[in-house]
Amino acid sequence: MLELIHVSKSFRSADGAVVPAVDDISMTISEKEFVSIVGPSGCGKTTLLRMIAGLETSAGSHIVFNGHPVHGPDRERGMVFQNFALFPWMTVEENIGSGLRFAGKSDAETQDIVSRYLKLTGLEKFATAYPMTLSGGMKQRVAIARTLASDPQIILMDEPFGALDTQTRSQMQEFLADLWVKDSKTVIFVTHDIEEAIFLSDRVFLMSPRPGQIKQEFKIPFGPGRNHELKFSDEFFALKKEIMRMM
Amino acid sequence: MRRSKWASVGLGSLSFAVIFVIWSAVTYTRFVSDVFLPTPSELVHGAVMLFVQRGFLWDIGISALRIIIGFVIAVMLAIPIGIALGLSRRASQLLEPVVDFIRYIPNPALIPLFILWFGVGETEKIIVISQTVFFQLVLMVANSVSFTPKEIIESAQTLGATRWHIITRVIFPYIKPRIYDDLRISIGWAWTALMAAEIVGASSGIGLIIVEAQRLLRTPNVVAGILTIGILGLITDITMKLLYPVFFPWAPKLEHHA
């Protein structure tokens with residue numbers, strides 16, 4: 001459903017030098033697949049994700065989504081940001097319904113979908129709260145619910161748990177793994193946390209920095225319905241070691 | 001929180017109290033002649049006479065009405081134009097130099113020209129107010145637009161927002177508290193502009209009362225007129241600050257910058 005064909009992107013630095021951020025990346029992602037891109041910070045993984053979202057452009061790059069080249073952002077490619085990027089003037093339920101309202105859905109339909117996602121993400125009690133009153137983990141749940149509610153074909157997640165503390169982070173990982181079983185979507189998940197990537201994904205791409213290239217691809221053999229215990233298994237540990245060695 | 005609020009009210013009142021004491025001391029002792037500054041009791045007497053004999057309430061009403069009309073016109077123009085300036089670099093390159101140029105002309109310098117064009121009636125008063133407020137406010141609104149975080153706009157785009165949605169349903173609601181604060185500050189200029197206009201030429205209004213009293217050497221009335229403006233300004237300011245959390249329960253408290 002998503003194809004990257006020789007995707008490259010470079011930036012011009014302050015002194016005028018051309019710095020390659022993403023260099024000749026090709027990959028194919030199929031429907032309902034959960035794919036992670038891991039790599040050290042500054043390796044271009046976020047840039048790559050933003051290009052898929054249509055928030056960054058680059059001449060000569062080919063990103064084909066459902067047979068059409070990507071030009072600019074679109075509701076078919078939803079994005080979850082590291083810093084939540086919620087609309088602070090909207091309550092939780094208004095945030096979740098915002099994509100539906102942009103799409104011109106009726107009040108009744110919006111209400112219906114919003115209450116479904118409030119329940120799915122355990123946010124019912126906070127429906128009328130403003131984002132500023134919520135904890136980081138709660139905010140990210142709202143952001144995920146907001147993206148899911150507008151029913152994109154693919155969800156792009158840019159280090160969504162990067163701003164959370166360790167405990168909240170692992171809760172959110174389980175929450176996402178669980179959610180993905182209930183409401184299966186195609187996901188591209190960017191993180192620098194290898195454990196997180198293995199725990200959530202079907203496939204993990206390892207990126208190397210400067211220029212950002214795909215170093216290796218790993219298939220993750222675990223099935224759906226994962227929980228935290230998995231992280232202590234030998235198989236998980238062996239995979240983690242293998243990826244760490246490659247970095 | 002509570003305590004610091006009372007402390008700030010206390011300190012605010014203290015400065016008024018100190019001024020009052022010094023004022024009483026220099027006037028009751030006739031250290032300063034009553035031609036220059038009335039005693040507090042003369043002031044109260046003068047103010048009462050203004051209301052009872054001169055119909056001061058009517059003039060206050062007229063001035064307030066001019067402010068409201070002139071201000072509303074300025075705001076209705078400044079918000080959309082300010083947002084357009086904030087959004088489009090070309091529009092701001094085109095208009096900002098002109099706006100800056102006019103903004104720097106002190107408004108009393110323009111009043112003679114406005115009198116030539118519009119006479120000394122209500123039109124001229126309202127134009128003086130609108131003109132002053134508009135040219136200050138429009139740049140503040142344009143500046144406020146730039147405070148919208150890029151991420152919020154991007155997240156709206158990935159949720160399917162059109163460019164028009166971004167302007168009306170993302171940027172505008174996000175900057176509304178800032179614009180509200182801009183309004184609170186610019187209403188002060190409205191008063192400045194109006195006084196200049198009323199003092200130069202008017203048949204009613206607080207400004208007229210002040211110059212009239214000055215010509216007759218009725219210093220208590222002059223001071224009463226000035227204090228009225230100060231009190232009205234203070235009430236407006238406090239009311240707007242108190243209403244801020246009512247209008248924007250979601251917003252963090254703004255640093256009130258004036």
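Order of the sequence lines fixes the chain letters, A, B, ..., with proteins taken first and strands second; residue numbering starts at 1 for each chain.
- If you measure heavy-atom distances from Arg50(A) to chain B, the contacts under 4.5 Å come from the side chain alone.
- Note: Pro88(A) leads Pro152(A), Pro88(A), Ser98(A) in heavy-atom pairs under 4.5 Å with chain B.
- Taking the six-membered ring where tryptophan is involved, the planes of Phe189(A) and Phe34(A) are tilted, since the angle between them lies from 30° to 60°.
- Counted by atom type alone, Gln171(A) and Thr168(A) present zero donor-acceptor pairs between their side chains at under 3.5 Å.
- Of the two parts of Lys150(B), only the side chain, counted from C-beta on, holds a non-hydrogen atom closer than 4.5 Å to a non-hydrogen atom of chain A.
- Only the side chain of Met132(A) has a heavy atom closer than 4.5 Å to any heavy atom of chain B.
- The aromatic rings of Phe102(A) and Phe87(A) lie perpendicular to each other, with more than 60° between the two planes, well past the 30° mark.
- Residue contact with chain A, scored on non-hydrogen atoms closer than 4.5 Å, involves the backbone and the side chain of Ala161(B) alike.
- Checked options Asp158(A), Asn83(A), Leu86(A), Leu55(A); the residue passing with Glu151(B) is Asn83(A) (criterion: side-chain contact (heavy atoms from CB on, under 4.5 Å)).
- Salt-bridge check for Lys125(B) with Glu198(B): failed, with every basic side-chain N at 4.0 Å or more from each acidic carboxylate O.
- Contacts of Leu156(A) with chain B are absent, with no heavy-atom separation under 4.5 Å from either backbone or side chain.
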